[in-house]
Structures are given as structure tokens and as C-alpha cells.
Amino acid sequence: MAVVVDVTTLFDGATAASTTCVNLPTGANGLDALNARAARLGVPGPRLNNSGLLCAIDGVPKAPDCGENGPDGYEYWGYYHGGTSWNFASTGPASKKLTNKSVEGWAFQNGSNGGEPRTSAKFATLTAG
């Protein structure tokens, strides 16, 4: 499966979307995918608050920040499912059961500056070449 993490809005608009492929067992969920990505890349695992809200990917933003109300609005990691296009997730990553060739996407939402990951949502495109 492919995990896309887009930090574009965290770094002054510089495009910074990365794709990492991970192997997961049957029954794995979106949070398992993020943990497998972190292990593969050797970066900090996802940080969640007590209610289960995802606060950080790769240690960004730094603790204790989590779901802050910034100058442009609410700041958080938006969760998306790929396929033919990106679809905003209606449930959290721990509730999403993944299938072979799933595409999971995360894009930092910096208030009014956000949106879906700035890369393809298609597994074949992300893993080609």
C-alpha cells in the first residue's frame, strides 16, 4: 500500500509531498500504515492526543501543538483515501481497514490553506518507475 504525506502548507508553500510504500498484514488500518511508514523511514511515529486526534506526523508539528487554532483557522492533519481521486475520510485512521493497493493520504491543513495531498491518488501512478 502507499502512504502519501503532504507538508506543503507547513513550509511556506514549498511543495513537499512524499510517497512511501509499506507492506501490512490483512486487517491493518490507517494508523498501522502511518506507523509502518515511520518505521521504514526512521522518523518519529504518529503522535496522538488522549482523544485519539492525530497531532503529528514525523514529529511535525512539535509537541505540545495539536489541533491549534492558528491565524488562518484550525490547523490539523487532514486524512484522505486515494483511488481515482482523493476523498476526505469520514472516519479516523484506526477505523479504516485497508486492502491491497490502498492509498492513504495526509495533508496538513493550515486553516484556510489546505486541501487534499498535492500528488496523484492512484496507486499505479504513485508506485510506477
Side-chain angles (χ1 to χ4, degrees):
M1 74 144 317
V3 180
V4 173
V5 174
D6 186 340
V7 295
T8 301
T9 62
L10 278 168
F11 300 109
D12 298 325
T15 302
S18 68
T19 302
T20 305
C21 292
V22 296
N23 291 317
L24 297 168
T26 301
N29 63 39
L31 193 54
D32 296 328
L34 271 180
N35 279 309
R37 176 191 171 276
R40 180 165 185 177
L41 297 177
V43 297
R47 178 171 46 89
L48 298 111
N49 70 7
N50 291 337
S51 70
L53 175 69
L54 179 72
C55 296
I57 296 175
D58 300 349
V60 178
K62 294 187 183 293
D65 289 350
C66 186
E68 303 296 319
N69 191 7
D72 293 321
Y74 193 61
E75 300 172 347
Y76 65 99
W77 282 100
Y79 179 41
Y80 296 82
H81 304 301
T84 56
S85 62
W86 290 112
N87 295 296
F88 191 77
S90 60
T91 62
S95 300
K96 172 66 175 172
K97 297 297 178 203
L98 304 177
T99 59
N100 188 32
K101 298 184 180 179
S102 290
V103 177
E104 295 285 277
W106 294 90
F108 194 77
Q109 310 298 304
N110 193 351
S112 60
N113 301 315
E116 63 194 35
R118 290 159 180 84
T119 189
S120 176
K122 297 178 183 178
F123 183 83
T125 301
L126 292 169
T127 59

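Worth saying up front: this structure is predicted, and the values here are computed from it rather than measured.
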| request: Look up atom OG in Ser102 and atom NZ in Lys97, then write down how far apart they are to the nearest 0.5 Å. | output: 12.0 Å
| query | At their closest point, which heavy atom of Leu24 faces which heavy atom of Ala36, and how far apart are they? | reply | CD2-CB, 3.7 Å
| query | Is there a path of hydrophobic side-chain contacts, each under 4.5 Å between heavy atoms of I, L, V, M, F, W or Y residues, that connects Met1 with Ile57? | reply | yes
| said: A side-chain contact here means heavy atoms from C-beta on lying under 4.5 Å apart; do Asp58 and Val7 qualify? | reply: no
| task | Spell out, yes or no, whether Val60 and Val5 are grouped together once hydrophobic residues are joined by side-chain heavy atoms under 4.5 Å, including indirect joins. | result | yes
| note | Here the gap from Asn49 atom CG to Asp65 atom CG, rounded to the nearest 0.5 Å, amounts to 12.0 Å
| query | Can you tell if the side chain of Asp6 reaches within under 4.5 Å of the side chain of Thr119, non-hydrogen atoms only? | reply | no
| request: Check whether any side-chain heavy atom of Thr19 sits under 4.5 Å from a side-chain heavy atom of Phe123, and report yes or no. | output: no
| said: Could you check whether any side-chain heavy atom of Cys21 comes within less than 4.5 Å of a side-chain heavy atom of Arg40, counting everything from C-beta outward? | reply: yes
| query | For the residue pair Gly45 and Ala38, what are the closest heavy atoms and their distance? | reply | CA-CB, 3.7 Å
| request: Evaluate the side-chain proximity of Leu54 to Tyr79: yes if any heavy-atom separation is below 4.5 Å, no if none is. | output: no
| Taking side chain as C-beta onward, heavy atoms only, is Glu75 less than 4.5 Å from Phe108? | yes
| task | Mind listing the closest non-hydrogen atom pair of Trp77 and Pro61 along with its distance? | result | NE1-CD, 3.8 Å
| What are the two closest non-hydrogen atoms of Pro93 and Asn29, and how far apart are they? | O-CB, 3.4 Å
| task | Looking only at non-hydrogen atoms, find the nearest pair between Gly115 and Ala107 and report the distance. | result | O-CB, 3.3 Å
| query | What's the shortest heavy-atom distance between Lys122 and Ser120, and which atoms? | reply | N-OG, 3.0 Å
| message | What I'd like to find out is whether the side chain of Arg37 reaches to under 4.5 Å of the side chain of Glu104, using heavy atoms alone. | response | no
| With hydrophobic residues grouped by side-chain heavy-atom distances under 4.5 Å, do Leu31 and Val103 end up in a single group? | no
| request: Name all pairs fulfilling the disulfide (SG to SG under 2.5 Å) condition that reach into residues 35-64, sequence neighbours left out, sorted by first residue then second. | output: Cys55-Cys66
| message | Can you confirm whether or not the ring centre of Tyr80 sits under 6.0 Å from the ring centre of Trp106? | response | no
